[in-house]
Amino acid sequence: MTKEQQIRHYAEQLNKVAFKLVTLLNDIDIEVQERRNLIQIMSPKRKKPREGHIRERSDGRFEGRYMQNGKPRSVYARTYNDCLKKLEAALELRDNRPADIALLAWLTEYIDVYKKGEVGAETYKAMQRNIRLHIAPQASDALKLADVRPIDLQRILKSVESDRVREDVYNILSGAFRQAVAERLITYNPMLAVKRVKAKREKGIALTVEEQSVFLETIRGSKLELYYRFVLYSGCRRNEALTVCREDVDETEQFVHIRGTKTEGSDRYIPLFAGIKELLKLLPSSGPLFDFKPDYVSKHFKKYSPAHVLHDLRHTFATRALEAGVPIKVVQVWLGHSELSTTADIYSDVSREFSLSEAKKLDDIFNPDSQD
């Protein structure tokens with residue numbers, strides 16, 4: 001074969017390869033387009049807001065942004081559709097809110113637009129309850145937002161007997177008036193002249209090892225046994241445990257998703273501890289693991305442990321973890337505290353018997369009789 005024939009032969013081979021590549025690329029392009037069409041058919045089309053825009057945040061929530069009085073405003077929700085509803089509601093309020101809106105009407109709008117979906121369902125209900133029981137009786141329906149004086153707010157707070165509830169009412173009023181100023185419904189925030197309310201936080205009292213053993217024996221066979229064990233074995237808050245679903249448990253990756261909303265780190269993943277694994281065998285295979293009302297589990301806890309409150313099971317979990325040598329930073333993550341200082345302040349007290357056993361180690365070191 002001459003050189004010219006060889007060149008012609010290689011050129012023919014290249015043409016065949018090129019033809020096959022073009023055919024293959026065409027087939028791939030067709031398949032990609034078919035898949036795109038299928039995805040468009042399967043995926044529901046999202047309605048666009050009439051104004052503003054919605055974006056998905058890195059934490060999984062959706063944020064709806066809009067302009068009001070030349071300043072950006074935001075609403076948040078767990079799903080796109082919920083965020084769209086809140087965004088449309090915020091725009092409706094912005095465009096149609098009367099200038100002389102009443103205080104109670106504004107408080108209701110404030111928690112509905114800015115708090116619902118941001119806080120847990122029980123927390124939202126508590127805010128509604130506080131407005132109804134502690135603010136409404138002291139503020140008439142005719143009291144306008146712009147007419148509220150610091151002394152009116154001080155009178156409302158003074159009427160609340162419980163320190164903890166008084167702090168919750170203060171936080172509602174403070175947030176509502178701050179938002180009212182931001183939206184230029186009022187020019188002055190009267191809460192600035194009201195003394196800050198801060199309820200004294202009492203340290204929880206963890207169950208001793210002996211008390212824990214007696215408690216577990218006492219609840220054996222009761223209706224709430226599995227729930228109380230779950231709180232003890234997970235360190236969850238009361239409402240967090242009540243919202244856990246079977247779908248939040250990943251037995252392959254060995255973790256449980258705790259959907260907390262109390263602090264920045266509340267929404268978290270904890271290991272699938274051995275105690276929880278055993279409980280799961282006795283709990284529903286789908287949906288919520290527990291079907292109890294928050295007040296019900298708290299009220300009945302006293303029957304089984306009169307010297308403690310339900311939240312002490314969370315303290316007990318933390319204490320047992322620290323006694324086992326788990327680093328406090330890890331305990332912080334498991335508990336869902338945003339600040340390490342919170343974990344250190346509340347859970348630094350370990351049980352008396354554990355402290356004595358640890359002190360014995362020091363005694364052995366300094367015991368002169370043990371020296372050579």
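Not measured: the values here are computed from a predicted model.
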Inset, instruction - Look only at the side chain of Ser213 and the backbone of Val209, and say whether a donor-acceptor pair between them is shorter than 3.5 Å. - result: no
For this session: Decide if atom CD of Glu247 counts as having more than 12 heavy atoms of other residues, nucleotides or ligands within a radius under 6.0 Å.
Result: yes
Pairwise side-chain contact, Ser234 with Ile258, heavy-atom cut-off 4.5 Å (strictly under): no
| message | Hydrophobic clusters here meaning ILVMFWY residues chained together by side-chain heavy-atom distances under 4.5 Å, can you tell me if Phe255 and Phe317 are in one? | response | no
Sorted by chain and number, sequence neighbours left out, side chain to side chain donor-acceptor pair (under 3.5 Å) with Asp248 holds for Arg259
Looking only at heavy atoms, the pair that brings Ile54 and Cys83 closest together is CG2-SG, 4.0 Å
With sequence neighbours left out, the residues meeting ring pair (Phe, Tyr, Trp, His ring centres under 6.0 Å) with Phe290 are Tyr227, Phe230
- request: With the side chain counted from C-beta on, respond yes when Leu103 and Phe177 share a heavy-atom pair under 4.5 Å apart, and no when they do not.
  value: yes
Q. Are Leu216 and Val214 connected, step by step, through hydrophobic side chains (Ile, Leu, Val, Met, Phe, Trp, Tyr) whose heavy atoms are closer than 4.5 Å?
A. no
Evaluate Leu272 against Asp250 for side-chain contact (heavy atoms from CB on, under 4.5 Å), listing each step before the verdict. CA-CA 8 Å; Leu272 192 55; Asp250 191 325; over 6 Å; no
- Query: Do the rings of His311 and His315 sit parallel, tilted or perpendicular, given the 30° and 60° boundaries?
  - Reply: perpendicular
message = Has Asn130 got a side-chain atom pairing as donor or acceptor with Met127's backbone, closer than 3.5 angstrom?
response = no
Quick note, salt bridge (Lys or Arg N to Asp or Glu O under 4.0 Å) partners involving residues 281-294, not counting sequence neighbours, are Glu278-Lys281
- So, Arg320 side chain and Tyr233 main chain: donor-acceptor pair closer than 3.5 Å or not? no
Heavy-atom nearest pair, Tyr124 first then Lys116, reads CE1-CB, 3.7 Å
Practice item. Could you tell me whether Lys302 atom NZ has more than 12 heavy atoms of other residues or ligands within 6.0 Å of it? Key: yes
* Okay, side chain of Gln254, backbone of Glu251: is any donor-acceptor separation there less than 3.5 Å? -> yes
For Gln154, the side chain to side chain donor-acceptor pair (under 3.5 Å) test, sequence neighbours excluded, returns none
The salt bridge (Lys or Arg N to Asp or Glu O under 4.0 Å) partners of Glu217 (sequence neighbours excluded) come to Arg220
### Task
Spell out, as yes or no, whether a donor-acceptor pair under 3.5 Å connects the side chain of Arg166 to the backbone of Leu157.
yes
Here the gap from Glu63 atom CD to Lys86 atom NZ, rounded to the nearest 0.5 Å, amounts to 11.5 Å
Sequence neighbours excluded, the answer for ring pair (Phe, Tyr, Trp, His ring centres under 6.0 Å) partners of His257 is Tyr269
dist Ser174:OG -> Asn189:CG (nearest 0.5 Å) comes out at 6.5 Å
Nearest heavy-atom approach of Leu289 to Pro284 is O-CD, 3.5 Å
Those residues at least two apart in sequence (or on a different chain) that pass salt bridge (Lys or Arg N to Asp or Glu O under 4.0 Å) with Arg132 are none
| Should the heavy atoms of other residues, nucleotides or ligands under 6.0 Å from CD1 of Ile151 be counted, would the total exceed 12? | no
Would you mind checking if Lys85 and Glu88 are paired as a salt bridge, meaning a charged N to carboxylate O distance below 4.0 Å? no
In terms of hydrophobic clustering (I, L, V, M, F, W, Y; side-chain heavy atoms under 4.5 Å; direct or indirect links), are Val244 and Leu280 co-clustered? yes
When rounded to the nearest 0.5 Å, the distance separating OG of Ser162 from CG of Asp168 is 8.0 Å
Review point. Is there a side-chain contact between Glu109 and Ile101 (heavy atoms, below 4.5 Å)?
Key: yes
Between the CH2 atom in Trp106 and the CG atom in Leu143, the distance rounded to the nearest 0.5 Å is 15.0 Å
Report task. Find out whether Tyr296 and Leu224 are in side-chain contact, i.e. whether some heavy atom of one side chain is under 4.5 Å from a heavy atom of the other. Result -> yes
Minimal heavy-atom distance between Trp334 and Ala321, with the atoms involved, is CZ3-CB, 4.5 Å
Residue set satisfying salt bridge (Lys or Arg N to Asp or Glu O under 4.0 Å) with Asp141, at least two apart, ordered chain then number -> none
Sorted by chain and residue number, the ring pair (Phe, Tyr, Trp, His ring centres under 6.0 Å) partners of Phe301 (sequence neighbours excluded) come out as Phe215, Tyr228
Smallest heavy-atom separation, Ala176 atom then Leu107 atom, equals CB-CD2, 3.4 Å
Worksheet entry | Sidechain-backbone polar pair: Thr218 side chain, Tyr304 backbone, donor-acceptor under 3.5 Å | no
Between Ile111 and Tyr76, is there shared hydrophobic-cluster membership here, with clusters defined by ILVMFWY side-chain heavy atoms closer than 4.5 Å? no
- Please lay out, stage by stage, how Glu56 and Tyr80 fare under the test side-chain contact (heavy atoms from CB on, under 4.5 Å). CA-CA 8 Å; Glu56 186 172 6; Tyr80 181 91; over 6 Å; no
| Is it true that a side-chain atom of Ser298 and a backbone atom of Asp295 form a donor plus acceptor pair closer than 3.5 Å? | no
Item to complete: Indicate, with yes or no, if Leu335 and Ile328 share a hydrophobic cluster defined by side-chain heavy-atom contacts under 4.5 Å among Ile, Leu, Val, Met, Phe, Trp and Tyr.
Response: yes
Of all heavy-atom pairs linking Ala139 and Leu104, the shortest is O-CD1, 3.4 Å
Counting only heavy atoms not in Arg149, do more than 12 fall under 6.0 Å of its CZ?
no
Ignoring hydrogens and geometry, is there a side-chain-to-backbone donor-acceptor pair from Arg314 to Val231 under 3.5 Å?
no
Arg73/Glu183 salt bridge by N-O under 4.0 Å criterion: no
| said: If you define the side chain from C-beta out and look only at heavy atoms, does anything of His53 sit under 4.5 Å from Leu87? | reply: no
Value for CD1 (Ile186) from CD (Gln179), rounded to nearest 0.5 Å, stands at 10.5 Å
Please walk me through it: do Leu232 and Gln212 pass side-chain contact (heavy atoms from CB on, under 4.5 Å)?
CA-CA 9 Å; Leu232 177 63; Gln212 178 181 316; 4.2 Å; yes
* **Asn171/Glu167 under side-chain contact (heavy atoms from CB on, under 4.5 Å): CA gap, chis, key distance, verdict** => CA-CA 6 Å; Asn171 290 335; Glu167 181 184 2; 3.9 Å; yes
Applying ring pair (Phe, Tyr, Trp, His ring centres under 6.0 Å) to His134 and not counting sequence neighbours gives none
- If only atom types and distance count, is the side chain of Arg238 paired as donor or acceptor with the main-chain N or O of Val297 below 3.5 Å? no
Sequence neighbours excluded, the answer for salt bridge (Lys or Arg N to Asp or Glu O under 4.0 Å) partners of Glu225 is Arg229
In this structure, CZ of Arg55 is separated from CZ of Arg65 (nearest 0.5 Å) by 6.5 Å
Sorted by chain and number, sequence neighbours left out, side chain to side chain donor-acceptor pair (under 3.5 Å) with Lys125 holds for none
